[in-house]
Amino acid sequence: MKRLMVLTGGGDCPGLNAVIRAIVKRASQEKDWEVIGCIESFNGVLKEPTEIVVLDPASVSGIIVKGGTILGTTNKGGPFAWPIKNNDNTYSYVDRSDEMIRKLQILGVDAVINIGGDGSQRISQALFEKGLNIIGVPKTIDNDLSATDFTFGFQTAVQTVTEAIDKLVTTATSHNRVFIMEVMGRDAGWIALHSAIAGGADVCIIPEMPYKIEKIKEKIDSRYNKGKGFCIIIVAEGAHSATQGKISKISSEIGYTNDNLGGIGNVLMQELKDAGVEHDIRLTVLGHIQRGGTPTAYDRILASEFGVKAFELVLEGKFGEMVAYRHPEIVSVSIGKAISKPHLVSPSSRMVKTAKGLDIEFGN
Ligand code: F6P
(Lines give C-alpha, C1' and ligand atoms only; values in the text may rest on other atoms or scores of the structure.)
Protein backbone atom coordinates (compact mmCIF):
# COMPACT_ATOMS: atom_id res chain seq x y z
CA MET A 1 0.00 0.00 0.00
CA LYS A 2 1.23 3.53 -0.77
CA ARG A 3 0.52 6.32 1.66
CA LEU A 4 -0.46 9.90 0.84
CA MET A 5 -0.45 12.58 3.53
CA VAL A 6 -2.73 15.61 3.14
CA LEU A 7 -2.53 18.81 5.17
CA THR A 8 -3.89 22.34 5.21
CA GLY A 9 -1.57 25.24 6.03
CA GLY A 10 -1.82 29.02 6.45
CA GLY A 11 -5.06 30.90 7.03
CA ASP A 12 -8.21 28.87 6.41
CA CYS A 13 -10.68 29.60 3.64
CA PRO A 14 -13.98 28.13 2.44
CA GLY A 15 -13.39 25.12 0.17
CA LEU A 16 -10.50 23.44 2.02
CA ASN A 17 -12.74 20.55 3.06
CA ALA A 18 -13.96 20.13 -0.52
CA VAL A 19 -10.33 19.65 -1.63
CA ILE A 20 -9.66 17.11 1.13
CA ARG A 21 -12.83 15.23 0.18
CA ALA A 22 -11.95 15.22 -3.52
CA ILE A 23 -8.43 13.88 -2.87
CA VAL A 24 -9.76 11.11 -0.63
CA LYS A 25 -12.57 10.12 -3.02
CA ARG A 26 -10.26 10.05 -6.05
CA ALA A 27 -7.57 8.12 -4.12
CA SER A 28 -10.13 5.53 -3.01
CA GLN A 29 -10.61 4.64 -6.70
CA GLU A 30 -7.04 3.31 -6.70
CA LYS A 31 -6.46 -0.03 -4.96
CA ASP A 32 -2.96 0.72 -3.74
CA TRP A 33 -3.28 4.16 -2.07
CA GLU A 34 -4.37 5.14 1.41
CA VAL A 35 -4.70 8.71 2.69
CA ILE A 36 -3.80 10.15 6.06
CA GLY A 37 -4.33 13.72 7.27
CA CYS A 38 -1.78 15.69 9.26
CA ILE A 39 -3.36 17.89 11.93
CA GLU A 40 -2.58 21.64 11.96
CA SER A 41 -0.39 21.90 8.89
CA PHE A 42 2.95 20.04 9.37
CA ASN A 43 2.67 20.37 13.15
CA GLY A 44 0.95 16.98 13.40
CA VAL A 45 4.16 15.28 12.25
CA LEU A 46 6.45 17.51 14.29
CA LYS A 47 4.55 17.06 17.56
CA GLU A 48 5.18 14.19 19.99
CA PRO A 49 3.01 12.15 19.93
CA THR A 50 2.24 12.75 16.27
CA GLU A 51 -1.25 13.91 15.33
CA ILE A 52 -2.28 12.03 12.22
CA VAL A 53 -5.75 10.80 11.19
CA VAL A 54 -6.86 8.24 8.65
CA LEU A 55 -8.93 9.78 5.86
CA ASP A 56 -11.29 7.44 4.06
CA PRO A 57 -14.50 8.12 2.12
CA ALA A 58 -16.58 7.72 5.31
CA SER A 59 -14.54 10.32 7.20
CA VAL A 60 -14.96 12.94 4.46
CA SER A 61 -18.64 12.28 3.85
CA GLY A 62 -20.69 15.48 4.03
CA ILE A 63 -17.74 17.85 4.51
CA ILE A 64 -18.10 19.57 1.11
CA VAL A 65 -20.56 22.03 2.67
CA LYS A 66 -18.37 22.90 5.65
CA GLY A 67 -16.16 25.96 5.86
CA GLY A 68 -12.80 25.82 7.66
CA THR A 69 -10.77 22.63 7.59
CA ILE A 70 -11.36 19.31 9.35
CA LEU A 71 -7.56 19.00 9.66
CA GLY A 72 -7.02 22.33 11.41
CA THR A 73 -4.41 24.79 10.21
CA THR A 74 -1.87 27.34 11.37
CA ASN A 75 0.05 30.22 9.88
CA LYS A 76 2.73 30.18 12.56
CA GLY A 77 6.03 28.37 12.82
CA GLY A 78 6.47 25.32 10.59
CA PRO A 79 9.26 22.81 9.88
CA PHE A 80 11.83 25.47 8.95
CA ALA A 81 11.10 27.81 11.88
CA TRP A 82 9.85 25.83 14.85
CA PRO A 83 9.54 28.09 17.92
CA ILE A 84 11.33 26.96 21.09
CA LYS A 85 10.85 28.84 24.37
CA ASN A 86 14.10 29.92 26.03
CA ASN A 87 14.63 30.09 29.80
CA ASP A 88 14.23 33.88 29.70
CA ASN A 89 10.78 33.49 28.03
CA THR A 90 12.07 34.66 24.63
CA TYR A 91 11.77 32.35 21.61
CA SER A 92 14.33 30.88 19.22
CA TYR A 93 13.47 29.22 15.93
CA VAL A 94 14.96 25.92 14.84
CA ASP A 95 14.99 24.18 11.48
CA ARG A 96 13.31 20.76 11.98
CA SER A 97 12.82 20.02 8.27
CA ASP A 98 15.35 17.14 8.08
CA GLU A 99 13.91 15.56 11.21
CA MET A 100 10.40 15.92 9.73
CA ILE A 101 11.39 14.27 6.45
CA ARG A 102 12.86 11.36 8.43
CA LYS A 103 9.63 11.09 10.44
CA LEU A 104 7.63 10.99 7.22
CA GLN A 105 9.82 8.10 6.01
CA ILE A 106 9.21 6.24 9.27
CA LEU A 107 5.45 6.86 8.84
CA GLY A 108 5.73 5.33 5.35
CA VAL A 109 4.55 8.50 3.60
CA ASP A 110 5.20 8.25 -0.15
CA ALA A 111 3.72 11.61 -1.15
CA VAL A 112 2.33 14.79 0.43
CA ILE A 113 -0.34 17.21 -0.78
CA ASN A 114 -0.01 20.62 0.88
CA ILE A 115 -3.14 22.77 0.54
CA GLY A 116 -2.10 26.33 1.36
CA GLY A 117 -1.35 29.88 0.29
CA ASP A 118 1.94 31.43 -0.75
CA GLY A 119 3.62 30.98 2.65
CA SER A 120 2.67 27.29 2.74
CA GLN A 121 3.78 26.77 -0.86
CA ARG A 122 7.16 28.32 -0.03
CA ILE A 123 7.49 25.56 2.58
CA SER A 124 6.38 23.01 -0.08
CA GLN A 125 9.07 24.25 -2.47
CA ALA A 126 11.80 24.12 0.19
CA LEU A 127 10.75 20.58 1.16
CA PHE A 128 10.65 19.55 -2.50
CA GLU A 129 14.22 20.83 -2.88
CA LYS A 130 15.13 18.53 0.04
CA GLY A 131 13.70 15.57 -1.89
CA LEU A 132 10.14 15.32 -0.51
CA ASN A 133 7.48 14.12 -3.00
CA ILE A 134 5.11 17.04 -2.62
CA ILE A 135 2.25 18.60 -4.60
CA GLY A 136 0.77 22.02 -3.87
CA VAL A 137 -2.87 23.11 -3.94
CA PRO A 138 -3.33 26.90 -3.80
CA LYS A 139 -5.92 28.46 -1.51
CA THR A 140 -6.68 31.98 -0.39
CA ILE A 141 -9.63 34.31 -0.24
CA ASP A 142 -7.26 37.04 -1.49
CA ASN A 143 -6.96 35.52 -5.03
CA ASP A 144 -3.41 36.86 -5.16
CA LEU A 145 -1.53 33.90 -6.66
CA SER A 146 -0.32 34.61 -10.20
CA ALA A 147 -0.23 30.99 -11.38
CA THR A 148 -4.00 30.51 -11.20
CA ASP A 149 -6.90 32.53 -12.61
CA PHE A 150 -8.83 32.03 -9.38
CA THR A 151 -8.27 30.49 -5.98
CA PHE A 152 -11.18 28.81 -4.20
CA GLY A 153 -12.47 30.76 -1.21
CA PHE A 154 -12.36 34.00 -3.17
CA GLN A 155 -15.87 33.77 -4.59
CA THR A 156 -17.27 32.94 -1.15
CA ALA A 157 -15.52 35.97 0.35
CA VAL A 158 -16.88 38.18 -2.45
CA GLN A 159 -20.38 36.80 -1.83
CA THR A 160 -20.06 37.56 1.90
CA VAL A 161 -18.87 41.12 1.24
CA THR A 162 -21.60 41.68 -1.36
CA GLU A 163 -24.31 40.58 1.08
CA ALA A 164 -22.83 42.94 3.68
CA ILE A 165 -22.92 45.83 1.17
CA ASP A 166 -26.57 45.04 0.42
CA LYS A 167 -27.30 45.42 4.12
CA LEU A 168 -25.32 48.63 4.45
CA VAL A 169 -27.19 50.19 1.51
CA THR A 170 -30.52 49.98 3.33
CA THR A 171 -29.23 51.72 6.45
CA ALA A 172 -27.13 54.20 4.40
CA THR A 173 -30.20 55.30 2.43
CA SER A 174 -32.34 55.64 5.57
CA HIS A 175 -29.79 57.91 7.27
CA ASN A 176 -28.25 59.54 4.17
CA ARG A 177 -24.88 58.38 5.40
CA VAL A 178 -21.47 57.66 3.98
CA PHE A 179 -20.46 54.08 4.75
CA ILE A 180 -16.89 52.84 4.53
CA MET A 181 -16.39 49.09 4.47
CA GLU A 182 -12.86 47.72 4.95
CA VAL A 183 -12.28 44.32 3.39
CA MET A 184 -9.42 41.81 3.29
CA GLY A 185 -7.07 40.98 0.43
CA ARG A 186 -3.58 41.92 1.66
CA ASP A 187 -1.75 43.72 -1.17
CA ALA A 188 -4.33 42.75 -3.78
CA GLY A 189 -7.61 44.56 -4.43
CA TRP A 190 -9.52 41.60 -5.87
CA ILE A 191 -12.08 41.20 -3.07
CA ALA A 192 -12.72 44.95 -2.97
CA LEU A 193 -13.03 45.27 -6.76
CA HIS A 194 -15.34 42.30 -7.32
CA SER A 195 -17.59 43.08 -4.39
CA ALA A 196 -17.74 46.79 -5.26
CA ILE A 197 -19.08 45.84 -8.68
CA ALA A 198 -21.47 43.18 -7.34
CA GLY A 199 -22.72 45.39 -4.50
CA GLY A 200 -23.09 48.55 -6.57
CA ALA A 201 -20.61 50.56 -4.50
CA ASP A 202 -19.73 54.17 -5.36
CA VAL A 203 -16.04 54.14 -4.45
CA CYS A 204 -13.51 51.30 -4.53
CA ILE A 205 -10.07 51.89 -3.09
CA ILE A 206 -7.43 49.25 -3.79
CA PRO A 207 -3.70 48.94 -3.07
CA GLU A 208 -2.83 48.92 -6.78
CA MET A 209 -4.35 52.40 -7.27
CA PRO A 210 -3.22 54.74 -4.45
CA TYR A 211 -5.92 57.30 -3.67
CA LYS A 212 -6.12 61.08 -3.40
CA ILE A 213 -8.61 62.17 -0.77
CA GLU A 214 -9.94 65.09 -2.88
CA LYS A 215 -11.09 62.66 -5.60
CA ILE A 216 -13.10 60.67 -3.08
CA LYS A 217 -14.59 63.84 -1.59
CA GLU A 218 -15.62 64.97 -5.09
CA LYS A 219 -17.41 61.65 -5.60
CA ILE A 220 -19.21 61.96 -2.25
CA ASP A 221 -20.24 65.53 -3.10
CA SER A 222 -21.63 64.36 -6.45
CA ARG A 223 -23.68 61.69 -4.65
CA TYR A 224 -25.31 64.36 -2.47
CA ASN A 225 -25.50 67.21 -4.97
CA LYS A 226 -29.29 67.04 -5.30
CA GLY A 227 -29.84 67.14 -1.54
CA LYS A 228 -30.20 63.77 0.14
CA GLY A 229 -27.96 60.93 -0.84
CA PHE A 230 -25.72 58.18 0.45
CA CYS A 231 -22.35 56.76 -0.50
CA ILE A 232 -20.80 53.30 -0.18
CA ILE A 233 -17.00 53.14 -0.11
CA ILE A 234 -15.19 49.80 -0.24
CA VAL A 235 -11.56 49.94 0.84
CA ALA A 236 -9.10 47.06 0.71
CA GLU A 237 -7.04 46.55 3.88
CA GLY A 238 -3.76 47.03 1.96
CA ALA A 239 -4.87 50.28 0.28
CA HIS A 240 -3.03 53.52 0.88
CA SER A 241 -3.00 57.11 -0.26
CA ALA A 242 -0.70 58.40 -2.96
CA THR A 243 1.51 59.94 -0.28
CA GLN A 244 1.51 57.30 2.49
CA GLY A 245 2.28 53.58 2.78
CA LYS A 246 -0.15 50.85 3.83
CA ILE A 247 -1.22 50.55 7.45
CA SER A 248 0.34 47.48 9.00
CA LYS A 249 1.63 46.29 12.35
CA ILE A 250 4.24 43.67 13.15
CA SER A 251 2.54 40.89 15.07
CA SER A 252 3.73 39.91 18.53
CA GLU A 253 2.33 36.38 18.13
CA ILE A 254 5.02 33.71 18.39
CA GLY A 255 6.03 32.30 15.01
CA TYR A 256 3.73 34.63 13.04
CA THR A 257 5.65 36.32 10.24
CA ASN A 258 2.87 38.17 8.34
CA ASP A 259 2.29 41.83 8.98
CA ASN A 260 -1.18 42.56 10.41
CA LEU A 261 -2.96 44.75 7.90
CA GLY A 262 -5.97 46.85 8.81
CA GLY A 263 -6.92 50.30 9.96
CA ILE A 264 -7.13 52.10 6.63
CA GLY A 265 -10.92 52.48 7.02
CA ASN A 266 -10.44 54.58 10.15
CA VAL A 267 -7.70 56.65 8.53
CA LEU A 268 -9.91 57.28 5.50
CA MET A 269 -12.85 58.33 7.68
CA GLN A 270 -10.68 60.92 9.47
CA GLU A 271 -9.16 62.15 6.21
CA LEU A 272 -12.63 62.67 4.72
CA LYS A 273 -13.75 64.63 7.79
CA ASP A 274 -10.57 66.71 7.65
CA ALA A 275 -11.20 67.33 3.94
CA GLY A 276 -14.59 68.84 4.84
CA VAL A 277 -17.10 66.00 4.38
CA GLU A 278 -19.92 66.95 6.76
CA HIS A 279 -22.21 63.97 6.25
CA ASP A 280 -22.30 61.21 8.85
CA ILE A 281 -19.62 58.64 8.14
CA ARG A 282 -19.70 55.14 9.59
CA LEU A 283 -17.15 52.36 9.29
CA THR A 284 -17.67 48.60 9.04
CA VAL A 285 -14.67 46.26 9.19
CA LEU A 286 -15.78 42.82 8.01
CA GLY A 287 -12.62 40.98 9.11
CA HIS A 288 -12.56 37.21 9.39
CA ILE A 289 -16.27 36.87 8.58
CA GLN A 290 -14.94 36.93 5.00
CA ARG A 291 -13.03 33.70 5.64
CA GLY A 292 -15.84 31.82 7.36
CA GLY A 293 -18.94 29.94 6.44
CA THR A 294 -20.10 27.57 3.75
CA PRO A 295 -18.30 27.71 0.40
CA THR A 296 -20.32 28.85 -2.59
CA ALA A 297 -21.11 26.27 -5.28
CA TYR A 298 -18.39 27.81 -7.47
CA ASP A 299 -15.73 27.37 -4.77
CA ARG A 300 -16.86 23.81 -4.02
CA ILE A 301 -16.47 22.95 -7.70
CA LEU A 302 -13.07 24.63 -8.12
CA ALA A 303 -11.82 23.05 -4.88
CA SER A 304 -13.06 19.62 -6.04
CA GLU A 305 -11.33 20.04 -9.38
CA PHE A 306 -8.09 20.98 -7.62
CA GLY A 307 -8.35 17.96 -5.31
CA VAL A 308 -8.89 15.43 -8.08
CA LYS A 309 -6.11 16.98 -10.19
CA ALA A 310 -3.70 17.04 -7.22
CA PHE A 311 -4.14 13.31 -6.67
CA GLU A 312 -3.66 12.66 -10.38
CA LEU A 313 -0.37 14.59 -10.22
CA VAL A 314 0.66 12.24 -7.40
CA LEU A 315 -0.16 9.25 -9.63
CA GLU A 316 1.88 10.80 -12.46
CA GLY A 317 4.77 11.49 -10.08
CA LYS A 318 4.75 15.19 -10.99
CA PHE A 319 6.19 16.33 -7.67
CA GLY A 320 7.16 19.95 -7.12
CA GLU A 321 4.06 21.00 -9.08
CA MET A 322 1.04 22.98 -7.93
CA VAL A 323 -2.45 22.65 -9.42
CA ALA A 324 -3.84 25.79 -11.02
CA TYR A 325 -6.84 27.02 -12.99
CA ARG A 326 -6.08 28.40 -16.41
CA HIS A 327 -9.42 28.81 -18.10
CA PRO A 328 -10.79 26.43 -19.33
CA GLU A 329 -8.32 23.86 -17.96
CA ILE A 330 -7.06 22.71 -14.59
CA VAL A 331 -3.31 22.58 -15.13
CA SER A 332 -0.14 22.24 -13.11
CA VAL A 333 2.74 24.68 -12.71
CA SER A 334 6.01 24.39 -10.83
CA ILE A 335 5.58 25.54 -7.23
CA GLY A 336 8.75 27.62 -7.53
CA LYS A 337 7.27 29.56 -10.44
CA ALA A 338 3.84 29.80 -8.82
CA ILE A 339 5.16 31.65 -5.76
CA SER A 340 7.53 33.94 -7.67
CA LYS A 341 5.14 36.85 -8.16
CA PRO A 342 1.79 37.94 -6.74
CA HIS A 343 -1.39 38.35 -8.78
CA LEU A 344 -2.45 41.97 -8.49
CA VAL A 345 -5.21 44.04 -10.09
CA SER A 346 -3.98 45.86 -13.17
CA PRO A 347 -5.36 49.42 -13.33
CA SER A 348 -5.82 48.92 -17.09
CA SER A 349 -7.67 45.60 -16.74
CA ARG A 350 -11.14 44.80 -18.04
CA MET A 351 -12.57 44.62 -14.51
CA VAL A 352 -11.32 48.10 -13.64
CA LYS A 353 -12.75 49.39 -16.94
CA THR A 354 -16.06 47.72 -16.13
CA ALA A 355 -16.09 49.35 -12.69
CA LYS A 356 -15.32 52.76 -14.19
CA GLY A 357 -18.11 52.18 -16.71
CA LEU A 358 -20.41 51.75 -13.71
CA ASP A 359 -19.26 55.14 -12.28
CA ILE A 360 -17.22 53.50 -9.52
CA GLU A 361 -14.57 55.97 -8.41
CA PHE A 362 -11.10 54.58 -7.58
CA GLY A 363 -9.89 57.89 -6.19
CA ASN A 364 -6.50 57.66 -7.87
O1 F6P B 1 -4.55 35.85 3.41
C2 F6P B 1 -5.84 35.74 3.90
C3 F6P B 1 -6.10 36.76 4.96
O4 F6P B 1 -7.41 36.60 5.41
C5 F6P B 1 -5.81 38.20 4.55
O6 F6P B 1 -6.81 38.70 3.73
C7 F6P B 1 -5.64 38.85 5.89
O8 F6P B 1 -4.83 40.00 5.83
C9 F6P B 1 -4.96 37.78 6.70
O10 F6P B 1 -5.25 36.55 6.07
C11 F6P B 1 -5.38 37.71 8.13
O12 F6P B 1 -4.61 36.75 8.74
P13 F6P B 1 -4.87 36.19 10.21
O14 F6P B 1 -5.94 35.16 10.10
O15 F6P B 1 -3.57 35.60 10.61
O16 F6P B 1 -5.30 37.33 11.05
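Remember, it's 1-based here, ligands and their atoms both numbered in the order they're listed. In this text, all values refer to a predicted model and were calculated from it rather than measured experimentally.
A ring pair (Phe, Tyr, Trp, His ring centres under 6.0 Å) check over residues 112-140, counting only residues at least two apart or in different chains, returns nothing.
Counted within 6.0 Å of CD1 on Ile289, heavy atoms from surrounding residues, nucleotides or ligands total 12 or fewer; the atom is thus considered open.
For ligand 1, the 4.0 Å heavy-atom shell takes in Asn75, Ile141, Asp142, Met184, Gly185, Arg186, Glu237, Tyr256, His288, Arg291, ordered by chain and residue number.
Nearest heavy atoms, Ala157 versus Ile191: CB-CD1, 4.2 Å.
Side-chain N or O atoms of Arg3 include none that pairs as donor or acceptor with a backbone N or O of Glu34 at under 3.5 Å. A donor-acceptor pair is defined here as one N or O able to donate and one able to accept, closer than 3.5 Å; no such pair exists between the side chain of Trp33 and the backbone of Val24.
Screening Val137, Ile115, Asp299 for a side chain to side chain contact (heavy atoms under 4.5 Å, CB included) with Leu16, the sole residue that qualifies is Ile115.
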